[in-house]
2 protein chains.
Amino acid sequence: MDSERPDLGAMVMRLGRRLIAMEEPILERHGLTMWAYVVLTALREGPTRTQAALAQSIGADKTRLIPILDDLQKRGLIERDPDPADRRVRLLGLTTEGQRKQRAIQSEIRTAEDDLLEDAADREAFVRALRDLT
Amino acid sequence: MDSERPDLGAMVMRLGRRLIAMEEPILERHGLTMWAYVVLTALREGPTRTQAALAQSIGADKTRLIPILDDLQKRGLIERDPDPADRRVRLLGLTTEGQRKQRAIQSEIRTAEDDLLEDAADREAFVRALRDLT
DNA sequence: TATTGTTATACTCTATAACTATA
DNA sequence: TATAGTTATAGAGTATAACAATA
């Protein structure tokens, strides 16, 4: 391994900030925050049974989720209904409109990512290694 | 490029958090915060002429730097003297002890990073691409 | 008047603790 | 009593604005 390179953490975090800066204008055009998009993307994998489970899966606190879910629900992007079997629990899922929106945003982000990766040799290997590590 | 993968930003940020979690115990053993270590590492590249320039080079606000520099100076890890040619300016550099400390920490971090990268195929390509992108 | 560094203040993000409703 | 969700509050981290020293 190359012995004279910046710390991995520093490089990765710098790239992360760059990617987020790239995504932000896209999200803003769609009127969503980063966390709201993260929620839509997590729900796309499949519906979630409790808000606490969703919070954990995206690395957020359950209390942080609430205003985000309020907004997404108000805008008709998610469903959030009490579980008839245990009315303490809220069943969460994407609406058709929510699915459409998530796909539209992700597609724009993918295009921008591919642009950015153009600069890198070994970009297929980069993405493979990234998947292995996460 | 693989069409069914998580967003690059999500993966990169997740890896970044993992790397930081890995570095934190090392830094704690040395009694330094992440930002203090970032400052030592930036100064290792060579002395800096103004605090504002240092702040910008590490992506921090100049006001955030001040308590960090206060602490590093008090502990004898950096020099911070008014420039005789323009006494508004503080010349910043590592002391011998500061250099020693930075090298010791970086070496420990490198060892831990190499452990973590073991899990990934294509790790040389990964690091190359990461350098290209940052 | 402009610039470097510093201090004081405000703002944003996040987590902790207390509360409501169900079980 | 225990748990899911919610609300209220407090803390950390960060940025903005005002200030002091020097040019």
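Letters A, B, ... are given to chains in the order of the sequence lines, protein chains preceding strands, and every chain is numbered from 1.
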Is the closest basic N to carboxylate O distance between [X] and [Y] below 4.0 Å?
X: A/Asp83; Y: A/Arg88; result: no
X: B/Arg75; Y: B/Asp71; result: yes
X: A/Asp81; Y: A/Arg90; result: no
X: A/Arg44; Y: B/Glu4; result: yes

(request) For A/Thr41 and A/Gln102, test the side chains for any donor-to-acceptor distance below 3.5 angstrom and give the result as yes or no. (result)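 Looking only at side-chain atoms, A/Gln102 and A/Thr41 do form a donor-acceptor pair, the distance falling under 3.5 Å.
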
Round to a whole Å and report the spacing from [atom1] of [X] to [atom2] of [N].
X: B/Leu91; N: C/dG5; atom1: CG; atom2: C1'; value: 13 Å
X: B/Ile66; N: D/dA15; atom1: CD1; atom2: C1'; value: 13 Å
X: A/Ile68; N: C/dT12; atom1: CD1; atom2: C1'; value: 14 Å
X: B/Gln73; N: C/dG5; atom1: CD; atom2: P; value: 13 Å
X: B/Arg49; N: D/dT22; atom1: CZ; atom2: C1'; value: 13 Å
X: B/Ile78; N: C/dG5; atom1: CD1; atom2: P; value: 12 Å
X: A/Met34; N: C/dT12; atom1: CE; atom2: P; value: 18 Å
X: B/Leu69; N: C/dT6; atom1: CG; atom2: P; value: 7 Å

(message) Let me spell it out: for each of A/Asp70 and A/Val89, pick the nucleotide of DNA chain D with the closest heavy atom. Which residue's pick is nearer the 5' end?
(response)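 Result of the comparison: A/Val89.
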
(message) Taking CD in A/Glu97 as the centre, count heavy atoms belonging to other residues, nucleotides or ligands within less than 6.0 Å. Is the count above 12?
(response)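 Result for CD/A/Glu97: enclosed.
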
(request) Starting at the 5' end of nucleotides 14-23 of chain C, put B wherever the base has a protein heavy atom under 4.0 Å, S where only the sugar-phosphate does, and a dash everywhere else. (result) SBBB----BS

